[in-house]
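Computed over heavy atoms, backbone and side chain alike; hydrogens, waters and symmetry mates excluded. In what follows, chains are A, B, ... by sequence order, proteins preceding strands, each numbered from 1.
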There are 2 protein chains.
Amino acid sequence: MNTPTADLQSLCHRLPPGRFHADAAYQAAFESDGLTAFRQRPLGVVIPECEQEVIEVIRWCYEQSVPFVARGSGTSLSGGSMPVADGIVISLNRLNKIIHVDPDNRIAVVQPGVINLHVSAAAARHGLYYAPDPSSQKICTIGGNIAFNSGGAHCLKYGMTSNHVIGMRVVTATGEIVNLGGPTLESIGPDGTGLFCGSEGLFGVALEITLRLLPKPECFHTVLVGYRSLRAAGDAVSAVIDSGLLPGAMEIMESLAIQAAEAATACGYPDGAAAVLIVELEGPREKIAAEQQQLDAVIAATDAFETVVAADDQQRAAIWAGRKSAFSAVGKLSPDFLVQDGVVPRKRLGEALERIEKLSLASGLRVANVFHAGDGNLHPLILFDDSIAGQLQQAEALAGKILMMCVEMGGSITGEHGVGIEKRDYLPEMYDVSTIELMHRLRAAFDPKTIANPGKMFPGADAPALLTHGLHPLEKAGVISRE
Amino acid sequence: MNTPTADLQSLCHRLPPGRFHADAAYQAAFESDGLTAFRQRPLGVVIPECEQEVIEVIRWCYEQSVPFVARGSGTSLSGGSMPVADGIVISLNRLNKIIHVDPDNRIAVVQPGVINLHVSAAAARHGLYYAPDPSSQKICTIGGNIAFNSGGAHCLKYGMTSNHVIGMRVVTATGEIVNLGGPTLESIGPDGTGLFCGSEGLFGVALEITLRLLPKPECFHTVLVGYRSLRAAGDAVSAVIDSGLLPGAMEIMESLAIQAAEAATACGYPDGAAAVLIVELEGPREKIAAEQQQLDAVIAATDAFETVVAADDQQRAAIWAGRKSAFSAVGKLSPDFLVQDGVVPRKRLGEALERIEKLSLASGLRVANVFHAGDGNLHPLILFDDSIAGQLQQAEALAGKILMMCVEMGGSITGEHGVGIEKRDYLPEMYDVSTIELMHRLRAAFDPKTIANPGKMFPGADAPALLTHGLHPLEKAGVISRE
């Protein structure tokens, strides 16, 4: 895989001028993603303007056995789009066309660099929207959402990205063009779109994607509830689910995250709450009117000390602004933090949070919990100071203990952020040897030379010089800031 | 692949006595499935009593390069479980244990030979049920549902089998044991369960399956509406969807199927209807009360000439009995029939049905249409008489024309019955060469020797002596009857 002699000239000749960049400024700009603790400069960066240019780059990589890492906006929190030292980064942001929106069949056909929220914006005039809503939806791309099978607050009701992609044209890592899925929700044969969603860039690049659109809910009923303990908030989640209601979203934030969000967005969260619960119902007006009464009764029977109902769109937006800004807001509490992502069985949420608190106390690092409570998907934010020697390692060790706890409780090492570079050593905690070998064989069906995003997802030796630590050079230079 | 010398003695030695059967009675009993126009006697039949025996048979098949076809109740309508001449049938009906039901996490863990409806029966005391409901749910098995990613009337709202399988332990065609998916809905890496669902037995055998359970709807609102034309019924479906309602099911039957169902089950369908539409709402009582008003208004604005609301569970059961018996009931109208399965975009249903009518007139064969209208999934039943020379071929030709029409209209050659043996020649109408080659490579990751259900799904030469036609020998002998 080491290709110091890669013939970059021949790559340039296959592309229009101005597409390939190997200067230090570009290398630095792409050396990291949302997991800034890890970074690596690539050989060079290609910024294609159209599908055919992507295909040309990948065919060149295949011929020359040069690894490539495709990326959208680089919001991966698991290092999934971190470059490879001897490889090419393919930045897909300019493949950002919404090719068409078909309201009759409720689909949108888009390029991979389209921003998640732009799909809903384009569908809005037909009364439709695209359901998966990662917190980064203002900036993350559909291609990245597919690579990591992204979720979001509303995946409780609507499922993950794989439930909303019905077909795609893909260029595999061999440079071949294949069509996965089809024009309808019913599938034929093994579900290739399902397989590709969550493949973390190891199979190839989706060039054109058919997304399912849903009718925009006629109305919302958004409730913010304050609790004196995390356990009480967790119990409320179980009570809502047990009542038979299926809210669009059910989110919990705990005190540290609440304070941070309040400071950042003045979202009006209840004072002195140990935890807030956000529950959102959505649907036709009559239906919500009925469900709302049911929800009110369930919440009234819990240990809530304050309940706020969003009276209008503005109040609803304020409640969500607090939640969606939580990650960046927590950044104000600490020079550095790791966003973790794990899953526990929903009924064991309270127990999991108590165990995380003990692990946090034992390690001496603070943890702020923000999570998709309805599906047991935890996002502990581990606060640390990278300028203190050893704290990053301590934070990573704590993150590892939390992941092992998730596995032991019958959960998973990732809910939606993916394995990437960060969690690859934990994959064998989830899967046995023969299952991981099968995954390698499936990967080989798309990428026999292991050139697509090598070193990610699987533990092992195929990660060429991936890890470097420390402040991002652009941060050191004061050019970018994580606040 | 031809193995006349397969050492069947060594197979018998690996199994307890009484598991392997090579006598003519067994060969005849397993020579066909729900697509009785095609049949083939296998070398022999293994009826394992436990998981380890299945693994032993498959390891023997792998060592000896002997093909095998795993089957449940043999209800495949595409010939998906038809034996291979020089192969072994593995009948999984005795692996029929529901291993456990976990109401807290809303999952059931089952063996592959468990009957679909038995899962809901076991979950009922916890107020839960298993959503996918193929018409054959009283007899078809979960293993078969997975192989063909089965749907059913309620997949409009709840999705196909792949949306309800969260994990499985699988023995691949190499005899290895792998674990696909995991204990939670969130997936890690490429979605192996999604890939396996719909693989039509070409990858191996699922030994233990974790299914998602849903809370039983508190109440139903089932409406039967009579129309004077198919087009009016199709328009009503669009009107319901456009109103924002998402019914649990929306089914249409046309006159020929209505008459047959009425004769078979006295289901009380409206006299003289060209089409009936069944719409079923389901959920919490207050919510349904609200939705019901909305649905009534939508239906009242259509060209319905009669609307019947099920007043109680018994009337609801009668409405569904008519629909679920339609396939077998149509059998009374004709000595033979082919059940077809295709998909068209929902908005083009009316057009599709008019074209089917023209194709039917041109061929001189009657067609009865029964379909999952909400998702554009057509089930034309083509009536013919196999005792008239050439009629089977004529019926197959008409079925082919209907499939080509579905593809041309932007739909699919199968909604839920699978490709099997019947439609393999049409696969290239849906997928290009490089996509089919990728499918072969994915299959090779599970089955490098092509011994698992060979000759199905893919066109080509790997189907050893698969096709024979004519009356089933047990029918000729008067032992079984298709009525």
Residue pair A:Arg106 / B:Ile241, side-chain heavy-atom distance below 4.5 Å: yes
By side chain to side chain contact (heavy atoms under 4.5 Å, CB included), which residues pair with B:Ala445, not counting sequence neighbours? A:Leu438, A:Arg441, A:Leu442
Quick one: are B:Glu176 and A:Glu437 in side-chain contact, heavy atoms under 4.5 Å? yes
At a heavy-atom separation under 4.5 Å, does B:Asp104 approach chain A through its side chain, its backbone, both, or neither? both
Name all residues meeting the salt bridge (charged side-chain N to carboxylate O under 4.0 Å, His left out) criterion together with A:Asp242; count only those two or more places apart in sequence or in a different chain, and write none if there are none. A:Lys347
Do you know which of A:Glu218, A:Glu291, A:Glu200 has the most heavy-atom pairs under 4.5 Å to chain B? A:Glu291
Write down the atom of B:Thr435, the atom of A:Asn179, and the distance for their closest heavy-atom approach. OG1-N, 2.7 Å
Could you look at A:Phe203 and say if it's the side chain, the backbone, both or neither that has a heavy atom under 4.5 Å from chain B? side chain
Top of B:Ser243, B:Ser199, B:Gly283, B:Ala147 for chain A proximity - count of heavy-atom pairs under 4.5 angstrom: B:Ser199
Contacting moiety of B:Asn105, where chain A heavy atoms sit under 4.5 Å: side chain
So for B:Pro284, is it side chain, backbone, both, or neither that comes closer than 4.5 Å to the heavy atoms of chain A? side chain
Given a strict heavy-atom distance threshold of 4.5 Å, which part of B:Leu246 is in contact with chain A: side chain, backbone, both, or neither? neither
Side chain, backbone, both or neither: which part of A:Leu214 has an atom under 4.5 Å from a heavy atom of chain B? neither
